[in-house]
Protein chains: 2
Amino acid sequence: MPDTTNSKRVKHTRELIQDAAMELLAEYGYKGTSVRKIASKVGIRESALYNHYTNKEAIFLSITSKIFTTPFSHENDQKIFYENAKKGKRFLQRFMTEFKLLSFDKNSEKLFRIMMIELMQNSSLRESFIKEFHEKNIKLLSSSFFIMMQEGLIRSSDPMVMANEFLAPFFYLRLQISLLKADGASTTPLSTQFEKHVDFFWESIAL
Amino acid sequence: MPDTTNSKRVKHTRELIQDAAMELLAEYGYKGTSVRKIASKVGIRESALYNHYTNKEAIFLSITSKIFTTPFSHENDQKIFYENAKKGKRFLQRFMTEFKLLSFDKNSEKLFRIMMIELMQNSSLRESFIKEFHEKNIKLLSSSFFIMMQEGLIRSSDPMVMANEFLAPFFYLRLQISLLKADGASTTPLSTQFEKHVDFFWESIAL
DNA sequence: AATTAATAAGAACAACTGTTCATATAACCA
DNA sequence: TGGTTATATGAACAGTTGTTCTTATTAATT
């Protein structure tokens, strides 16, 4: 396989560029990250970068495209999903665990930082955030709460409102974690808040 | 008063610079806002700016220093505060109204955007956010919830957790409003969510 | 081993950055 | 009115920016 070895080499430096760019973007943002800084972090010259990416923007897009792909993607399997929702608190705990895992994952952390910095300056990133994060999770949660209401597990209320109330603390927690980590502070006290959130919330809705 | 007229003139252009800088910073961030762009928005040359501010950073600081000064500052009056907390839901509604007002205030909106863009890149801004916004509000809310518990108005639970659960949706709502406004989208559907949050939350904790 | 393709380097480009300077203009106070 | 001070100008500075060349080097294919 001659082609494979070739593309592997390319992929290798391409990945090195992505890693370097991700690190710099998470710290200095798009404007603060120069093509030369990325190149020097990889160990090549700025002109050599253009053999792998057509643009600075192309590097940026190759990274931001990965922000909203990971979480809860397999939840779309309807059958399993309905069965899970019937489990009530256990379902919420599973949701929490996935969110918590992402919140403390090193790679996801960098992507989150990049998102936060660019969110107010990049229109397509905003669109992705609203559709791929917010609306997707609200949809998932509200229909889950709807099922729980039908099953008589939780009190009757607007599932949409309930979903927002359940989701918001996760996001706020994640932001706090990123802020503390940016200053090298300890995030351990925040670690238990994920479980506390689910406990408090379940007490708030359980029948 | 000769000095007054003089300083008023200076203050005049100083304010024009601040207004221009605030607008640009809210849209393009610190790195994306050049001294020349600020000057041209005011109608002067870049060199003239340095008669009013020593630095680009000085302009930035004069704006960011105003971010965390406004909200809930009068809540520190202990006597009034204790009486207010005893009112239960009414207190939460008052808190909500203040937050909602800020969320839809045009000036506060710009400051919020600047904060969001620079939060991950500016250490002192992070510190202010955690201390002046997060900790201050958590302190205020948790001691309020504590009083409500003593008064038998709400169920017994960790006041700290309760405060976080009450605060997070406000922040998340505010972020959503900023994102929608950045794209020129309508924020009216989010307007009623403030009240819905208080209603839902009160149902979750009231005895 | 010879040829072709992929990747690297280095120099150069025009545009832009924050800041400073000498100088001109305007506003103020005596 | 004359002198002082505050504010504006325009040019210049040394860096940095993204990008594009031409040329060299390395690897893959024949």
Side-chain angles (χ1 to χ4, degrees), chain A residues 1-64 114 117-118 121-122 124, chain B residues 1-64 114 117-118 121-122 124:
Chain A
M1 338 157 167
D3 232 10
T4 317
T5 37
N6 184 11
S7 68
K8 257 192 186 174
R9 282 203 121 273
V10 180
K11 205 187 171 191
H12 190 239
T13 52
R14 264 185 79 98
E15 274 178 6
L16 289 178
I17 292 168
Q18 275 201 29
D19 291 349
M22 202 154 109
E23 195 107 11
L24 291 167
L25 286 169
E27 188 147 13
Y28 307 109
Y30 184 81
K31 286 255 171 189
T33 300
S34 71
V35 180
R36 276 173 183 80
K37 277 180 197 157
I38 299 172
S40 94
K41 202 174 179 73
V42 177
I44 57 177
R45 294 293 295 262
E46 64 272 15
S47 50
L49 266 185
Y50 289 85
N51 287 321
H52 304 276
Y53 291 93
T54 59
N55 251 343
K56 183 192 178 184
E57 205 195 353
I59 305 174
F60 178 72
L61 289 175
S62 79
I63 290 169
T64 52
I114 296 170
I117 297 172
E118 278 353 288
Q121 305 172 73
N122 191 308
S124 69
Chain B
M1 340 157 167
D3 233 11
T4 317
T5 37
N6 186 11
S7 68
K8 257 191 184 174
R9 282 204 119 272
V10 180
K11 204 187 170 191
H12 190 241
T13 51
R14 265 185 77 97
E15 273 178 5
L16 288 178
I17 292 167
Q18 275 201 29
D19 291 349
M22 202 154 109
E23 195 106 12
L24 291 167
L25 286 169
E27 187 146 14
Y28 307 108
Y30 184 80
K31 286 254 171 191
T33 300
S34 71
V35 180
R36 277 172 182 81
K37 276 181 199 158
I38 299 172
S40 93
K41 202 173 177 74
V42 177
I44 58 178
R45 294 294 296 259
E46 63 272 15
S47 51
L49 267 184
Y50 289 85
N51 288 321
H52 304 277
Y53 292 93
T54 58
N55 252 344
K56 183 192 177 183
E57 205 195 352
I59 305 174
F60 178 72
L61 288 175
S62 78
I63 289 169
T64 53
I114 296 169
I117 296 172
E118 281 349 292
Q121 305 172 72
N122 192 307
S124 69

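Residue numbers begin at 1 in each chain, while the letters A, B, ... track the order of the sequences.
- Evaluation of the salt bridge (Lys or Arg N to Asp or Glu O under 4.0 Å) test over residues 50-63 of chain A, restricted to residues two or more places apart or in two chains, returns none.
- Side chain of Ser62(B) to backbone of Ile59(B): a donor-acceptor contact under 3.5 angstrom is found.
- Of the two residues near DNA chain D, Arg36(B) and Lys56(A), the one whose nearest nucleotide lies more 5' is Arg36(B).
- Evaluation of atom-type donor-acceptor distances gives a pair under 3.5 Å for the side chain of Asn51(A) against the base of dA8(C).
- For residues 33-50 of chain B, the pairs satisfying salt bridge (Lys or Arg N to Asp or Glu O under 4.0 Å) are Arg36(B)-Glu46(B), with sequence neighbours left out.
- Between the CD atom of Glu57(B) and the C1' atom of dT17(C) there is a distance of 16 Å, rounded to whole Å.
- The distance between atom NE2 of His12(B) and atom P of dA6(D), rounded to the nearest whole Å, is 19 Å.
- A heavy atom lying under 4.0 Å from DNA chain D marks the following residues of residues 41-50 of chain B, by number: Ile44(B), Arg45(B), Ser47(B), Ala48(B).
- Contact record, Met22(A) with Ile63(A): N-CD1, 3.6 Å, taken as the closest heavy-atom pair.
- Distances shorter than 4.0 Å separate none of the side-chain N or O atoms of Asn55(B) from OP1 or OP2 on dG18(C).
- Here the side chain of Glu118(A) pairs no donor or acceptor atom with the backbone of Gly29(A) at under 3.5 angstrom.
- In the region residues 23-35 of chain A, proximity to DNA chain C at under 4.0 angstrom, judged on heavy atoms, holds for none of the residues.
- Distance check, rounded to the nearest 0.5 Å: CD1 of Ile38(A) to CD of Gln18(A) gives 10.5 Å.
- In this structure, Tyr50(A) and Val35(A) have side chains that are in contact, with non-hydrogen atoms separated by less than 4.5 Å.
- Residue His52(A) has its side chain nearest to dA8(C) when only dT17(C), dA8(C), dG18(C) are considered.
- Thr33(B) places no side-chain N or O within 3.5 Å of a backbone atom of Tyr28(B) that could act as its donor or acceptor partner.
- A straight line from CD1 of Ile17(A) to C1' of dA6(C) spans 13 Å, rounded to a whole angstrom.
- In this structure, Thr13(B) and Val42(B) have side chains that are not in contact, with every pair of non-hydrogen atoms separated by 4.5 Å or more.
- By the side chain to side chain contact (heavy atoms under 4.5 Å, CB included) test, Ala58(A) is found to be paired with Tyr53(A), Thr54(A), Asn55(A), residues two or more places apart in sequence or in another chain being considered.
- No donor-acceptor pair closer than 3.5 Å links the side chain of Glu27(A) to the backbone N or O of Glu23(A).
- Following rounding to the nearest Å, Lys37(B) (NZ) and dT19(C) (C1') show an atom-to-atom distance of 18 Å.
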Fill in: Dot-bracket notation for DNA chain D, counting Watson-Crick and G-U pairs under 3.5 Å, with | for partners on another strand
|..|||||||||||||||||||||||||||
